[in-house]
Amino acid sequence: MFRCMLVRSSSSAKQSLMRRNLSSGSVPERKVAILGAAGGIGQPLALLMKLNPLVSSLSLYDIANTPGVAADVGHINTRSEVVGYMGDDNLVKALEGADLVIIPAGVPRKPGMTRDDLFNINAGIVKNLCSAIAKYCPHALVNMISNPVNSTVPIAAEIFKKAGMYDEKKLFGVTTLDVVRAKTFYAGKANVPVAEVNVPVIGGHAGVTILPLFSQATPQANLSGDVLTALTKRTQDGGTEVVEAKAGKGSATLSMAYAGALFADACLKGLNGVPDVVECSYVQSTITELPFFASKVRLGKNGVEEVLDLGPLSDFEKEGLEALKPELKSSIEKGVKFANQ
Ligand SMILES: NC(=O)C1=CN([C@@H]2O[C@H](COP(=O)(O)OP(=O)(O)OC[C@H]3O[C@@H](n4cnc5c(N)ncnc54)[C@H](O)[C@@H]3O)[C@@H](O)[C@H]2O)C=CC1
Ligand SMILES: O=C([O-])CC(=O)C(=O)O
């Protein structure tokens with residue numbers, strides 16, 4: 001049994017309201033909840049969200065160790081009030097009033113495992129957390145990080161449908177790390193400043209289902225077919241590269257926290273009405289025959305405003321697109337089946 005644990009970074013609600021009003025001007029109040037906040041991703045993600053001026057309330061939930069993380073992050077002199085919650089009984093408080101829920105809860109890979117090998121443990125964790133979201137903050141945007149994303153997003157959708165509150169515009173699989181990697185690897189080969197690089201990544205978030213579209217990369221560089229093939233493979237295997245380098249001590253956490261913070265920031269900007277916020281994400285989609293697919297998405301006040309077309313693909317990318325469909329389809333079906341059994 002977990003004891004109720006709650007750590008507040010301020011002594012009184014009145015003081016914190018005054019501080020927020022003073023520091024934030026007319027920026028809307030936004031509560032962001034991180035579920036799995038004491039983990040390898042959760043902690044640096046909590047730090048990065050504490051640095052985000054769009055956040056007024058940061059709610060950190062985990063089954064263990066959240067009081068320490070909340071006390072630590074809460075001392076940082078930025079806008080948001082930080083509260084740490086631990087244990088099932090406190091999930092309601094962690095979620096109530098949330099505008100955005102980020103989920104990095106669950107086990108990471110070890111060398112030799114695929115993301116799908118995490119399904120047996122993580123599917124149940126995601127199912128329980130999404131049932132709570134359906135009850136306590138049904139209008140929140142949900143950013144799903146827990147793997148296997150190709151299945152956990154369909155699980156979340158099914159749980160939300162059963163609860164009668166599913167809004168496909170509000171559910172996102174976070175694939176930003178694939179984009180971050182594609183940009184980094186491409187900039188290295190194209191010898192262009194990485195800050196100027198853009199590369200869409202489509203499909204899903206596991207192995208060959210990750211398909212970077214280097215033919216649409218900007219700035220364009222005249223890279224050979226062999227180099228593009230190698231860049232594609234490195235992007236697809238980026239997660240495994242980190243898992244192997246960490247040699248049993250987990251998977252990507254720091255780069256994922258960065259990517260998760262970027263995507264959350266884009267979601268908050270969309271909610272706040274900033275125009276033309278476009279990021280790649282794994283969402284409910286009709287742009288292929290698959291019900292969930294990652295592509296460029298325009299974010300708005302209600303979440304997904306528009307799922308953008310794939311645009312022109314090279315022959316190599318067209319082949320990659322066809323090749324990824326069977327695996328992605330079966331991962332989606334596995335998630336749907338699990339949620340409905
Ligand atoms: N979408 C993506 O691009 C990426 C996804 N991931 C995935 O993110 C997940 C988390 O990875 P790490 O942070 O490295 O793992 P971790 O093991 O360091 O942290 C996971 C945290 O989740 C917590 N947790 C477990 N059950 C929970 C529950 N029911 N409610 C709340 N919290 C719970 C644990 O106590 C732990 O603190 C993994 O599934 C991993 O595969 C990792 C990297 C990239
Ligand atoms: O590879 C893993 O298991 C974690 C992950 O999703 C990534 O780093 O892209």
Side-chain angles (χ1 to χ4, degrees), residues 2 5 33-46 59-70 84-91 94-95 101-133 142-153 155 172-182 184 201 203-207 209-210 212 234-246 248-264 280-282 294 331:
F2 293 106
M5 277 292 192
I34 302 179
L35 312 184
I41 296 167
Q43 292 201 35
L45 181 57
S59 171
L60 304 180
Y61 175 83
D62 204 301
I63 53 173
N65 302 326
T66 18
V69 178
Y85 300 98
M86 196 166 85
D88 288 349
D89 294 349
N90 291 305
L91 193 46
L95 292 174
V101 181
I102 314 174
I103 312 183
V107 290
R109 282 202 281 167
K110 289 194 187 315
M113 293 171 82
T114 66
R115 289 178 181 83
D116 187 58
D117 292 334
L118 304 173
F119 187 98
N120 286 345
I121 297 178
N122 289 355
I125 293 174
V126 162
K127 188 176 174 182
N128 289 340
L129 293 174
C130 288
S131 300
I133 291 169
V142 175
N143 288 183
M144 182 68 70
I145 292 174
S146 311
N147 271 317
V149 167
N150 290 356
S151 302
T152 52
V153 169
I155 291 172
F172 302 87
V174 181
T175 57
T176 319
L177 182 53
D178 302 318
V179 176
V180 163
R181 287 178 176 140
T184 303
V201 181
H205 180 68
T209 72
I210 300 167
R234 188 166 181 213
T235 306
Q236 292 173 332
D237 293 344
T240 307
E241 187 177 320
V242 178
V243 168
E244 282 170 2
K246 290 198 174 179
K249 296 269 191 288
S251 55
T253 53
L254 304 174
S255 51
M256 180 59 236
Y258 169 74
L262 271 187
F263 189 68
C280 290
S281 179
Y282 179 65
S331 300

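It should be emphasised that the depicted structure is a prediction, and the values quoted were computed from it without experimental measurement. When a ligand or atom number is given, it counts from 1 through the structure's own listing order.
For ligand 2, the atoms closer than 4.0 angstrom to any heavy atom of Gly239 are 1 (O), 7 (C), 8 (O), 9 (O). Residue contact check: Ala252 has heavy atoms under 4.0 Å from atoms 8 (O) of ligand 2. Less than 4.0 angstrom separates some heavy atom of Arg109 from each of these atoms of ligand 2: 1 (O), 2 (C), 3 (O).
Looking at ligand 2, you won't find any N or O of Asp178 less than 3.5 Å from one of its N or O atoms.
Proximity of Phe119 to Ile155: side-chain heavy atoms (C-beta onward) are separated by under 4.5 Å at one or more points. With a 4.5 Å cut-off on side-chain heavy atoms, Met144 and Cys130 count as touching. Counting heavy atoms from C-beta on, the side chains of Ile34 and Pro104 come closer than 4.5 Å. Counting heavy atoms from C-beta outward, Thr175 and Val201 have side chains that stay 4.5 Å or more apart. With contacts defined as side-chain heavy-atom distances shorter than 4.5 Å, the pair Asn65/Gln43 does not qualify. No side-chain heavy atom of Arg109 sits under 4.5 Å from any side-chain heavy atom of Asp117.
If you look at Asn147 next to ligand 2, the close heavy atoms, those under 4.0 Å, all belong to the side chain. Counting heavy atoms closer than 4.0 Å to ligand 2, residue Arg181 contributes side-chain atoms (C-beta onward) but none from N, CA, C or O.
Without hydrogens or angle criteria, Thr152 side chain to Asn147 main chain gives no donor-acceptor distance under 3.5 Å. Thr209 places no side-chain N or O within donor-acceptor distance of the main-chain N or O of Gly203, the cut-off being under 3.5 Å.
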Close N/O pairs between ligand 1 and protein, under 3.5 Å:
unit_1   : atom_1 : unit_2 : atom_2 : d
ligand 1 : 1 (N)  : Ile145 : O      : 3.1
ligand 1 : 1 (N)  : Val174 : O      : 3.3
ligand 1 : 3 (O)  : His205 : NE2    : 3.0
ligand 1 : 6 (N)  : Asn147 : ND2    : 3.3
ligand 1 : 13 (O) : Gly40  : N      : 3.3
ligand 1 : 13 (O) : Ile41  : N      : 2.9
ligand 1 : 18 (O) : Gly40  : N      : 2.7
ligand 1 : 22 (O) : Gly106 : N      : 3.3
ligand 1 : 35 (O) : Asp62  : OD1    : 2.6
ligand 1 : 37 (O) : Gly39  : N      : 3.2
ligand 1 : 37 (O) : Asp62  : OD1    : 3.4
ligand 1 : 37 (O) : Asp62  : OD2    : 2.8
ligand 1 : 39 (O) : Val107 : O      : 2.9
ligand 1 : 39 (O) : Asn122 : ND2    : 3.1
ligand 1 : 39 (O) : Asn147 : N      : 3.2
ligand 1 : 41 (O) : Asn147 : ND2    : 2.9

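Within the structure, ligand 2 lacks Met256 among the residues with a heavy atom less than 4.0 angstrom away.
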Full working for side-chain contact (heavy atoms from CB on, under 4.5 Å) between Ile103 and Ile145: CA-CA 6 Å; Ile103 312 183; Ile145 292 174; 5.8 Å; no
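In this structure, atom 6 (O) of ligand 2 lies nearest to the protein heavy atom His205 NE2, 2.6 Å.
Interatomic distance, OH of Tyr85 versus OG1 of Thr66, reported as 10.5 Å (0.5 Å rounding).
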